[in-house]
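Single-structure report; data block below.
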Amino acid sequence: MERSVNVTVVYYSSTGTIHRIATEIAETAEKAGAEVRLVKAAELAPRTAVESRPAWAAHLEATEDVPHAQVDDVLWADAVIFGTPTRFGNMSAQLKQFIDTLGPAWFQGRLAGKVYSAFTSGGSTHGGMETTLVSIYNMVCHFGGIIVPPGLNENPYGTSHVLGSDSKPVSELALQSARVQSGRVVRVARALKEV
Ligand SMILES: Cc1cc2nc3c(=O)[nH]c(=O)nc-3n(C[C@H](O)[C@H](O)[C@H](O)COP(=O)(O)O)c2cc1C
């Protein structure tokens with residue numbers, strides 16, 4: 001019988017792109033037999049900033065029911081998959097703020113030995129999506145975690161979607177990549193539980 005695996009998908013999304021990829025990853029992990037928690041990093045931007053973009057305000061309201069990420073969601077997981085929009089070639093402040101709450105758990109060595117993976121989106125093709133993904137993987141080295149990239153896929157660093165000037169919805173290519181990445185994370189986490 002296959003071992004049960006706990007997967008937590010922690011994401012931040014302003015206008016829904018990353019949320020869409022996060023749900024695909026979560027559903028794929030569930031189909032692969034994992035127990036899954038889909039949680040979001042809390043919004044930190046002032047209300048005036050959120051309201052200045054109707055798509056941002058609408059997405060915040062539409063995802064009200066998604067629970068806020070807690071340290072326990074990471075401690076519970078065998079595998080953690082982080083999702084963030086690219087912000088100046090780096091992760092969003094909202095996701096980083098949540099990750100910084102993991103300090104005490106890190107200090108106690110409780111983040112080590114887990115599988116970690118990451119995905120992102122950006123406005124432009126060469127806008128720094130890979131540096132964003134690597135910024136997450138840098139952190140994982142400090143955790144003592146095991147980095148699992150998607151393998152040979154659309155972007156070998158992690159699922160990525162380019163919105164472009166016309167804010168394209170998440171492409172089938174990116175969703176396919178998300179499914180491959182999620183499936184691989186579950187397989188590796190399961191195999192590690194067996195050793
Ligand atoms: C402050 C800010 C910085 C951004 N920096 C970048 C960037 O460096 N590279 C890029 O390609 N897109 C950049 N973008 C575009 C976002 O990455 C894009 O809107 C996001 O991926 C959409 O994801 P979401 O719908 O989940 O919020 C930036 C957007 C904002 C608001």
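If you read the sequence from its start, that first residue is 1, and numbering goes on from there. The figures that follow rest on heavy atoms only: side chains count, while hydrogens, waters and symmetry mates do not. Indexing begins at 1, ligand by ligand and atom by atom, following the structure's order.
Listed by atom number, the atoms of ligand 1 under 4.0 Å from Ile18 heavy atoms are 26 (O). Listed by number with element, the atoms of ligand 1 under 4.0 Å from a non-hydrogen atom of Ser124 are 11 (O). Atoms of ligand 1 found under 4.0 Å from any heavy atom of Leu163 (numbered from 1 in listed order, with element): 21 (O), 22 (C). For ligand 1, the atoms closer than 4.0 angstrom to any heavy atom of Ser121 are 17 (O), 20 (C), 21 (O), 22 (C), 23 (O). Counting the atoms of ligand 1 from 1 in the order shown, those under 4.0 Å from a heavy atom of Gly122 are 10 (C), 11 (O), 12 (N), 17 (O), 21 (O).
Residue contact check for ligand 1: Gly128 places no non-hydrogen atom closer than 4.0 Å to it.
For atom 16 (C) of ligand 1, the closest non-hydrogen atom of the protein is Thr86 O, 3.5 Å. Nearest non-hydrogen protein atom to atom 26 (O) of ligand 1 is Ser13 OG, 2.6 Å. In terms of protein heavy atoms, atom 9 (N) of ligand 1 is closest to Gly127 O, 2.7 Å. Of the protein's non-hydrogen atoms, the one nearest atom 19 (O) of ligand 1 is Arg87 NH1, 4.5 Å. Nearest to atom 5 (N) of ligand 1 among the protein's heavy atoms is Phe88 N, 2.8 Å. Of all protein heavy atoms, the one lying nearest to atom 25 (O) of ligand 1 is Thr15 OG1, 2.4 Å. Looking at atom 15 (C) of ligand 1, its nearest protein heavy atom turns out to be Gly123 N, 3.8 Å.
You'll find the side chain of Met139 stays beyond 4.5 Å of the side chain of Tyr137, heavy atoms only. Contact check for Tyr157 versus Met129: no side-chain heavy atoms found under the 4.5 Å cut-off.
With a 6.0 Å radius and a threshold of 12 heavy atoms from other residues, nucleotides or ligands, Lys193 has its NZ atom above the threshold. More than 12 heavy atoms of other residues, nucleotides or ligands lie within 6.0 Å of CD in Gln108, so this atom counts as buried by the packing criterion.
Of the residues listed (Val7, Ile25, Val36), the one engaging Glu30 in a side chain to side chain contact (heavy atoms under 4.5 Å, CB included) is Val36, and it is the only one. Each of Leu44, Val39, Val10 was evaluated against Phe98; a single residue qualifies, Val10, per the side chain to side chain contact (heavy atoms under 4.5 Å, CB included) test. Residue Ser177 forms a side chain to side chain contact (heavy atoms under 4.5 Å, CB included) with just one option from His161, Glu172, Glu154, and that option is Glu154.
Backbone and side-chain nitrogen or oxygen atoms of Ser14 are examined, and one is located within less than 3.5 angstrom of a nitrogen or oxygen of ligand 1. Residue Pro85 places no N or O, backbone or side chain, under 3.5 Å from any N or O of ligand 1.
Using cut-offs of 30° and 60° for the angle between ring planes, the Tyr11 and His19 rings count as tilted.
For Asn90, no heavy-atom contact with ligand 1 is shorter than 4.0 Å.
Atoms CG and OG, from Leu60 and Ser13 in turn, are 10.0 Å apart once rounded to the nearest 0.5 Å.
The closest side-chain donor-acceptor pair between Thr17 and Ser121, if any, does not fall under 3.5 angstrom.
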